[in-house]
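Notes for the one structure printed next.
Below, each value reflects all heavy atoms present in this structure, side chains not excepted, and no hydrogens, waters or symmetry copies. In the text below, chain A, chain B and the rest are named by the order of the sequence lines, each starting its count at 1.
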2 protein chains.
Amino acid sequence: MSPKKAATGPVLPGAVWLRKRPPRRGQHGLTRERIASEVVAQLDRAGLDGLNLRAVAAALDVHPTTLYWHVAVRDDLLDLAVDAVFAELPLPDRPAEDWVDGIRTFMHDLRMALLAHSWSGALASSRPLLGPEALARSEFVYAALARAGFTGDELAAAAAAVTNLVIGSVAAEASWQDGDELTARRAVQEHLQANAHIYPAMAELSFETSAWAAQFAHSAEFLLAGLAEKARH
Amino acid sequence: MSPKKAATGPVLPGAVWLRKRPPRRGQHGLTRERIASEVVAQLDRAGLDGLNLRAVAAALDVHPTTLYWHVAVRDDLLDLAVDAVFAELPLPDRPAEDWVDGIRTFMHDLRMALLAHSWSGALASSRPLLGPEALARSEFVYAALARAGFTGDELAAAAAAVTNLVIGSVAAEASWQDGDELTARRAVQEHLQANAHIYPAMAELSFETSAWAAQFAHSAEFLLAGLAEKARH
DNA sequence: ACCTGAACACCGTTCAAGT
DNA sequence: ACCTGAACACCGTTCAAGT
């Protein structure tokens, strides 16, 4: 009957946030916050595959199994880490005068926060974002789009489109930067040009300058233009 | 000097496709295709976390370590599986009369193919898609958008926006369906309403009917509207 | 309520050896 | 060229016991 067993049914992703959190700090002062920031640090250093419970515990100066008092499964650590990344996202307390500007800024800020932790895009795209920091950012997006005139299903869809485009773009971008990006790009380009008869349109493009930021900016403008048009009815 | 060591530098994601593939089939008739479809089958059954090399090998009736002749690392298996999913995506041989219709159909088809294998969205979002089947679909998108009038950076950005929005949306959707979705939704809604003072806009929405398909359709239309407007200059 | 310690089952990967 | 077999290092998780 420990807290970690309190969740009903199977462990579902994001479930850390729906369980009651242990409020008091133990004899080592171990809190979710301390655990989260250590996990972030190790993910930054070792990447998603490099993370391991024993190293996290060692850095926190506790026994590996101690962590199981604070989380139910390893994946919970990832949820804590992702929410910590969202906390880095600046959240304006006043809405922007022009809602399009507000959403645009949010999209670029979100991209930067996720890119600062290369593992976070992959996680944000594949796990429900239910932490308090992530929810606060969602609330901001909902509020901005509601002010733009969206309601009901369209409001939910517009908000989803905004976050899914950003997170999807960042995840794709980060997936290239895991290895040696330049070598990878050259290999792909060679491959495309060697098979130009199969991929004529793609072979024409030059990936020489991988201008990720500019490409993302264009992507964002495409969506913003569509949202603006629909908001006008 | 085995083939798996042929790649220069560190193992980068998607690298299976850039290495020369062993052309002939061995005494067990083990090919990349057979391995790929077995991996897909096991992922469908056990999920991403449930996949293990030993089980794959057993099902193929070979020794676990035999797989290392055909791939360099476990992740290569995932790349093979993702490309196999892309192969299920119907690819029209004639372009649509209206390019918007063509892209719209592609987006919905891609969503369906990825949703049919719940693990594939997470993988597609976090690994470069360099397999032949995935590239062929990208080529289709590039060609359609080029016909719409996009060129250079804007063409690349438009294509990226289309695939990233779809993959990002599917990954998010699938992340909810890993566990008991209904229970999860209810818990989240309770949580939002209990904290309605923090999340006023979100608390208002009813997540009763989780109409994923309708929401995705709206998201797609937002992007398509923006693309159409930009294409008109 | 929070942490320790021992122990278990599992799994990706290497490497030398076979045919 | 392709496959086997033994072996290694590692790692998430459990459970009973401590304070």
With a 3.5 Å limit on both atom pairs, tell me what dA6(C) is paired to, counting Watson-Crick and G-U wobble, or say none.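 Its partner is dT14(D) (Watson-Crick or G-U wobble, both distances under 3.5 Å).
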
- Message: Return the pairing partner of dT19(D) with a 3.5 Å limit on both distances, Watson-Crick or G-U wobble; otherwise return none.
- Response: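 Across any shown strand, dT19(D) pairs with dA1(C).
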
(Q) Classify the ring geometry of Trp176(A) against Trp212(A): parallel below 30°, tilted from 30° to 60°, perpendicular beyond 60°. (A)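 Geometry flag for Trp212(A) against Trp176(A): tilted rings.
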
Write down the distance between [atom1] ([X]) and [atom2] ([N]), rounded to a whole number of angstrom.
X: Leu67(B); N: dC2(D); atom1: CG; atom2: C1'; value: 12 Å
X: Asp75(B); N: dC11(C); atom1: CG; atom2: P; value: 16 Å
X: Trp69(A); N: dA17(D); atom1: CH2; atom2: C1'; value: 14 Å
X: Asp49(A); N: dC11(D); atom1: CG; atom2: C1'; value: 13 Å
X: Tyr68(B); N: dA16(C); atom1: OH; atom2: P; value: 17 Å
X: Asp61(A); N: dC2(C); atom1: CG; atom2: C1'; value: 15 Å
X: Leu60(A); N: dC2(C); atom1: CG; atom2: P; value: 16 Å

Fill in: CG-CG distance between Asp83(A) and Leu78(A), expressed to the nearest 0.5 angstrom
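Going from the CG atom of Asp83(A) to the CG atom of Leu78(A) covers 12.5 Å.
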
Taking for each residue the nucleotide of DNA chain C bearing the nearest heavy atom, is the 5' side occupied by Pro64(A) or by Pro64(B)?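 Result of the comparison: Pro64(A).
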
>> I want to check one thing: is the phosphate of dA6(C), taken as OP1 and OP2, less than 4.0 Å away from some side-chain N or O of His63(A)?
In response: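 Result: no.
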
**Request:** Give a yes/no on whether any side-chain N or O of His70(B) is located under 4.0 angstrom from OP1 or OP2 of dA1(D).
**Result:**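 So the side chain of His70(B) is outside the cut-off, no N or O lying under 4.0 Å from OP1 or OP2 of dA1(D).
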
Would you say the side chain of Thr65(A) and the base of dG12(D) hold a donor-acceptor pair, judged only by whether the two atoms sit under 3.5 Å apart?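 By the distance-only test, no, there is no pair.
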
Carboxylate-amine/guanidinium proximity below 4.0 Å for Glu190(B) and Arg186(B):
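Between Arg186(B) and Glu190(B) there is no salt bridge, as every charged N stays at least 4.0 Å from the carboxylate O atoms.
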
Decide, yes or no, whether a salt bridge links Glu38(B) with Arg34(B) under the criterion of side-chain N to carboxylate O below 4.0 Å.
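No, Glu38(B) and Arg34(B) are not salt-bridged.
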
Query raised in the report: How is Arg54(B) classified with respect to the nucleic acid when contacts are heavy atoms under 4.0 Å: base, sugar-phosphate, or nothing?
Result: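 The answer is base, as Arg54(B) lies within the cut-off (heavy atoms under 4.0 Å) of a base atom.
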
- Query: With sugar-phosphate meaning primed atoms plus P, OP1 and OP2, does Leu51(A) contact a base, only sugar-phosphate, or nothing at under 4.0 Å between heavy atoms?
  - Reply: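 Sugar-phosphate, backbone atoms only, no base.
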
Which nucleotide, [options], lies nearest any side-chain atom of [X]?
X: Thr66(A); options: dT13(C), dT4(D), dT4(C); value: dT4(C)
X: Arg74(B); options: dT14(D), dG12(C), dC2(C); value: dG12(C)
X: Val62(B); options: dT4(D), dG12(D), dT4(C); value: dT4(D)
X: Leu53(A); options: dA1(D), dG12(C), dG12(D); value: dG12(D)

- Query: Just wondering, are more than 12 heavy atoms of other shown residues or ligands nearer than 6.0 Å to CD in Glu204(B)?
  - Reply: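 Check fails, neighbour count at 12 or below.
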
